[in-house]
Amino acid sequence: MPQYKVAIVGAGPAGYFAAQALQNLQTADLSFSIDMIERLPTPWGLVRSGVAPDHPKIKTVSKVFEKVATADGFNLYGNVELGIDISIDVLIAKYDAVVIATGSANGKKLGIPGEDLLGSISAAQFVPWYNGHPDFADFDPKLDCDTAVVIGAGNVAMDVARMLALEPSELDETDTALHAIDALHKSNIRKVVISARRGPEHAAFTSPELRDLPKLEHTNVLMQPIDITAAIERAGAEPEKEVRNNLEAMRVISELEQGKHDRTLEFQFLCIPKEFRGNGKVEEVVFTTSAGEEKIIKCGLVITAIGYEAEPLEGIPYEKGKVLNDEGRVSDNIYVVGWAKRGPSGVIGTNKSDAADDFAKRP
Ligand code: NAP
């Protein structure tokens, strides 16, 4: 019976769902022996270091990964870094196929003046910090100011803003890193502004995350009714289902009764970030509004959450933040899956259908 030896590089969701897709293809006449290598000592990638800890249900997908890991023919090798501990050439020589599943770890930059000031950080630093990623154990986000701005209108921006605006005792029971719980308890931040460059009808938030916001027990959530009614009008009579659901969830938020709490999470739309200003550290963010006017928010922390790019790997072709590939195939026996393949889009489960489709095409 033919047995194919496959190396998977990266033990995140994309790697595990690729392994599961291969395991599901096994028959009496075909089997796979899978060696997964991972730079960190621990597996699960973004499920461990990317999911917001106040949303623990999302992490239950790790049960699926445990099942994959305990199946015959699967081995995980932690603390093994491609390009440092083993080269791509060795993997190519020793395995029938190599699957790159290294994700997109680097935060995209805005490329505007002041972005390198102290107090300007990326969600690609802040999120792994509060999740206890070892690379960020010494990271020190500046939480000693009263206002923070989060730039971006996606679910990562929402996670980051919520983590900053929550009453920190709500995190005590979660698996938030202890250093982050401690720092968030001491945080002076009471106002968090999420800033979108386009209107509500174009926001990349998903509606379940929006619908969760009114459930925050200790935080005012503010959206201007005028922003939402104007967006509903612009979206027309038959917007796509996702847009319709999002706008409905935002309408509910915009009509919430306000002002009870001393913590506020506020949304602004149609504001393009122009510059971060300050004397050695961020003191204000300057935006250009849709009317072409300047709008300034005084703040001591600004977090960009505007997407991610894959870290280039030696010996693997790379273009525009992704591994160069043709429907997942990189070259003869090299494949790529997940965010490294398609860019940073989709939820964790997207990797399941993606990997199943990819491998079913080429057993
Ligand atoms: P995303 O969904 O692609 O959102 C990125 C946001 O950044 C967009 O609003 C985009 O605005 C904005 N942006 C990009 N460039 C910008 C610029 N130069 N200036 C201002 N804004 C800019 O990315 P993400 O939030 O990083 O999330 C990545 C993926 O993970 C998404 O598929 C997301 O749904 C998923 N995720 C899911 C969950 C969950 O299910 N709970 C949690 C976290 C992440 P434009 O649209 O105008 O470009």
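Atoms within each ligand, like the ligands themselves, are counted from 1 in listed order. Sequential numbering from 1 along the given sequence is applied to the chain's residues.
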**Asked** Going by atom types only, do D227 and S254 share a side-chain donor-acceptor pair under 3.5 Å?
**Response**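 Result is no, nothing qualifies.
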
**Asked** How about N220 and T264: does a side-chain donor come under 3.5 Å of a side-chain acceptor?
**Response** yes

**Prompt:** Does I58 come within less than 4.0 angstrom of ligand 1, counting non-hydrogen atoms of the residue?
**Reply:**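 I58 counts as a contact of ligand 1 under the 4.0 Å cut-off.
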
**Message:** Between ligand 1 and A196, can you find any atom pair, the residue atom being a heavy atom, that is separated by under 4.0 Å?
**Reply:** no

Looking only at distances, please establish whether an N/O atom of ligand 1 is found under 3.5 Å from an N/O atom of [X].
X	answer
N155	yes
G346	yes
A157	no
T206	no
E209	yes

**Message:** Among all protein heavy atoms in this structure, tell me which lies nearest to atom 46 (O) of ligand 1, with the distance rounded to 0.1 Å.
**Reply:** R198 NH2, 2.9 Å

**Item:** Salt bridge K108-E309, side-chain N to carboxylate O under 4.0 Å
**Value:** no

**Item:** Residue part near ligand 1, for P344, under 4.0 Å between non-hydrogen atoms
**Value:** backbone

**Message:** Show me which atoms of ligand 1 lie under 4.0 Å from any heavy atom of L110.
**Reply:**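 Ligand 1 atoms under the 4.0 Å threshold to L110: 17 (C), 18 (N), 19 (N).
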
